[in-house]
Amino acid sequence: YLAPYLQSSEAISSFAEAFQALTDHTFLDRLTSLNREVLILWGKDDRIVPLVYGERLHKLLPRSQLHVHPTAGHHPQEEDPQWIIDLLKKFFNSSQI
């Protein structure tokens, strides 16, 4: 998981921006103002950002769907890409985006 960050300054920049967003106190206020359907995908065994944060986010976003992979950690998109693909297809085919 570390290799892409070591090989790309763009990856490091993206990571820094994501971290900055998570520490921004206005971030949740901006998220909760979304009037859109939101798909939240989480790994049950995520030790970096535990599931409790995904559950809180789901409660804050009334139009959200939370799907939890039973065995994945922080990178379900790498651990089980087909699970992600299937949920994305279902979400985009049924959403009013």
Side-chain angles (χ1 to χ4, degrees):
Y1 297 118
L2 181 60
Y5 295 104
L6 297 175
Q7 297 171 5
S8 168
S9 61
E10 290 173 0
I12 293 169
S13 176
S14 294
F15 179 81
E17 287 176 23
F19 183 77
Q20 194 171 31
L22 292 174
T23 59
D24 178 354
H25 298 294
T26 65
F27 182 67
L28 282 180
D29 289 336
R30 291 187 315 224
L31 270 182
T32 56
S33 70
L34 287 176
N35 189 22
R36 296 263 186 233
E37 294 181 40
V38 176
L39 179 63
I40 304 168
L41 306 177
W42 220 275
K44 182 179 176 220
D45 296 331
D46 190 334
R47 294 183 298 175
I48 296 172
V49 184
L51 177 56
V52 67
Y53 291 99
E55 293 167 338
R56 287 180 192 166
L57 182 61
H58 178 51
K59 287 178 184 174
L60 286 171
L61 301 171
R63 294 181 64 193
S64 67
Q65 299 175 31
L66 172 63
H67 295 271
V68 180
H69 191 286
T71 60
H74 189 66
H75 294 102
Q77 69 278 13
E78 293 182 17
E79 296 172 51
D80 191 350
Q82 193 60 53
W83 181 78
I84 299 287
I85 291 167
D86 292 344
L87 287 169
L88 287 171
K89 283 181 179 178
K90 183 178 177 184
F91 178 75
F92 287 120
N93 286 332
S94 66
S95 293
Q96 302 289 325
I97 299 177

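Atoms considered below: every heavy atom in the structure, side chains included; atoms not considered: hydrogens, waters and symmetry mates. Quick note: residue numbers are just sequence positions, from 1.
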(message) I'd like to know if the side chain of Glu79 and the backbone of Gly73 have a donor-acceptor N/O pair within less than 3.5 Å.
(response) yes
(message) If you apply the rule side chain to side chain contact (heavy atoms under 4.5 Å, CB included), what do you find for Gln82 with Asp80, and how did you get there?
(response) CA-CA 6 Å; Gln82 193 60 53; Asp80 191 350; 4.1 Å; yes
(request) Over all heavy atoms of both residues, which pair between Leu41 and Ile84 is shortest? Give the atoms and the distance, please. (result) CD1-CD1, 3.6 Å
(request) Search all heavy atoms of Pro76 against all heavy atoms of Gly43 and return the closest pair with its distance. (result) CG-N, 4.2 Å
(request) Quick one: closest heavy-atom pair of Trp83 and His67, and the distance? (result) CH2-O, 3.6 Å
(message) Has Arg63 got a side-chain atom pairing as donor or acceptor with Asn35's backbone, closer than 3.5 angstrom?
(response) yes
(message) How close do Ala72 and His69 get, counting heavy atoms only, and between which atoms?
(response) N-ND1, 3.0 Å
(request) Check whether more than 12 heavy atoms from other residues, nucleotides or ligands sit under 6.0 Å from atom CD of Glu10, and answer yes or no. (result) no
(message) Looking at Ser64 and Val38, would you say the former's side chain and the latter's main chain have a donor-acceptor pair under 3.5 Å?
(response) no
(request) Following the transitive rule for hydrophobic clusters with a side-chain heavy-atom cut-off under 4.5 Å over Ile, Leu, Val, Met, Phe, Trp and Tyr, establish whether Leu60 and Leu31 coincide in one cluster. (result) yes
(message) Using side-chain heavy atoms (C-beta onward) and a distance below 4.5 Å, is Asp86 in contact with Lys90?
(response) no
(request) For the residue pair Asp24 and Arg30, establish whether any side-chain heavy-atom pair is separated by less than 4.5 Å. (result) yes
(message) If we ignore hydrogens and angles and just use 3.5 Å, is the side chain of Trp42 paired with the main-chain N or O of Tyr53 as donor and acceptor?
(response) no
(message) Just so I know, are the side chains of Leu39 and Phe92 near enough to count as touching, which here means a heavy-atom distance under 4.5 Å?
(response) no
(request) Output the distance between atom CD (Glu17) and atom CD (Gln20), rounded to the nearest 0.5 Å. (result) 7.5 Å
(message) Nearest 0.5 Å, please: how far is CD in Gln7 from CD1 in Ile12?
(response) 10.5 Å
(message) With rounding to the nearest 0.5 angstrom, report the CG to NE2 distance, Asp45 to His74.
(response) 13.5 Å
(message) Measuring from atom CD of Glu55 to atom CD1 of Ile40, what distance do you get when rounded to the nearest 0.5 angstrom?
(response) 10.5 Å
